[in-house]
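Sequence lines set the chain letters: A, B, ... in the order given, protein chains first and strands last, and positions in each chain run from 1.
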2 protein chains.
Amino acid sequence: MRIGELAARAGTTTRALRYYESRGLLPARRDVHGHRTYDERDLKLLTQIRTLRDFGFDLEETRPFVECLRAGHPEGDSCPASLAVYRRKLDELDVLIGELRAVRARVGTQLARAERARNELAVEALLPGGPEPRCELGGQEQ
Amino acid sequence: MRIGELAARAGTTTRALRYYESRGLLPARRDVHGHRTYDERDLKLLTQIRTLRDFGFDLEETRPFVECLRAGHPEGDSCPASLAVYRRKLDELDVLIGELRAVRARVGTQLARAERARNELAVEALLPGGPEPRCELGGQEQ
DNA sequence: GTAATCCTTGACGCCGACGTCAAGGCAACG
DNA sequence: CGTTGCCTTGACGTCGGCGTCAAGGATTAC
């Protein structure tokens, strides 16, 4: 099959395939017209690449999986190098998730504090009982 | 103070400050030589920007906070627009964290599966005793 | 005088993974 | 014969947030 069909079958674009080839990740044979030619095995390699990309793997991180498949193994993750990438990615994810949760907690705290401050101001504004001269809080909402 | 001192006091670079100015986020007065001049209030604005950036906020997302401070409010998050950014960021974080946890789970599952497959192969290789024909698990390693 | 240190503007570089456009080739269809 | 549709290579654009370099002006220290 040619590049357009492979791209369509894998749910990607011809541009991506040419890019992968330029990176040495998915080389193509050429037919008599100089057109790139692919077979079902290339589809499998490409599917492996796309699956990992969808998981957020960098393109370079898919290389061990692709080479593993090309070496004849039944799955891209049948090789130690692929497992190492899995483990490294798990560690990265754990770190990242931890950081994001910490940020989420801090932002949540800030939001709660800011909302509380606003509510206190609103309550004071509603109290007609002689409010002690509240400093310089003018022009809240423009 | 001039740009170098402000940058140092805020723990950032002169390049970043000029960039913020080019974005209209942190305009500067100029002294007689055309040099940028800042005061303590600018330091406060810049500190707000850097804090939010450290939390992963886009530069544009810091704008409501900066404008809130510049409008004379005591905190950058004293204004509704800032609270809206907080809330949107919390939602984004929740979505992102959820996606990352899903990916983490799937990668973890894949790793476990791949390791199990390798262990089974290793055990089979170690067993010299006539292994019963293991269903259709042929040609694992070539 | 001159070296060091600060500042100015302008412009290009970077990172990844492609998108998009240009100019052209070759085949099949009507 | 022209049109459509696929393909080719090459090259520039995108995004954000700056880093880095170039060329020059000004002040202060020695």
With respect to the side chain of Tyr19(A), which nucleotide from dC7(C), dC18(D), dG16(C) is positioned closest?
dG16(C)
Does a side-chain N or O from Thr13(A) land closer than 4.0 Å to OP1 or OP2 of dG19(C), or not?
yes
Which part of the nucleic acid, if any, lies within reach of Arg30(A) when heavy atoms closer than 4.0 Å are counted: base, sugar-phosphate only, or nothing?
sugar-phosphate
Given dC7(C), dG19(D), dC18(D), the nucleotide with the shortest approach to the side chain of Ile3(B):
dC7(C)
Check this for me, if you would: do Arg30(A) and Glu21(A) make a salt bridge, where the nitrogen-to-carboxylate-oxygen distance has to be below 4.0 angstrom?
yes
So, is Arg50(A) near the phosphate of dA17(C), with a side-chain N or O under 4.0 Å from OP1 or OP2?
no
The answer to which of His35(B) and Leu59(B) contacts DNA chain D further toward the 5' end, by nearest nucleotide, is Leu59(B)
Do other residues, nucleotides or ligands put more than 12 heavy atoms under 6.0 Å from Arg101(B) CZ?
no
Of all the nucleotides listed (dC18(C), dC7(C), dG17(D)), which has the minimum atom distance to the side chain of Asp58(B)?
dG17(D)
Is a donor-acceptor contact shorter than 3.5 angstrom present between the side chain of Arg15(B) and the base of dT20(D)?
yes
Could you please name the option among dT27(D), dC18(C), dT9(D) that lies closest to any side-chain atom of Arg53(A)?
dC18(C)
Of Thr14(A) and His33(A), the one whose closest nucleotide on DNA chain C sits nearer the 5' end is Thr14(A)
Any Ser82(B) side-chain heavy atom under 4.5 Å of Gln48(B) side chain
no
Distance check, rounded to the nearest 0.5 Å: Thr51(A) atom OG1 versus Arg106(B) atom CZ?
8.5 Å
With respect to the side chain of Arg18(B), which nucleotide from dT9(D), dC7(D), dT8(C) is positioned closest?
dT8(C)
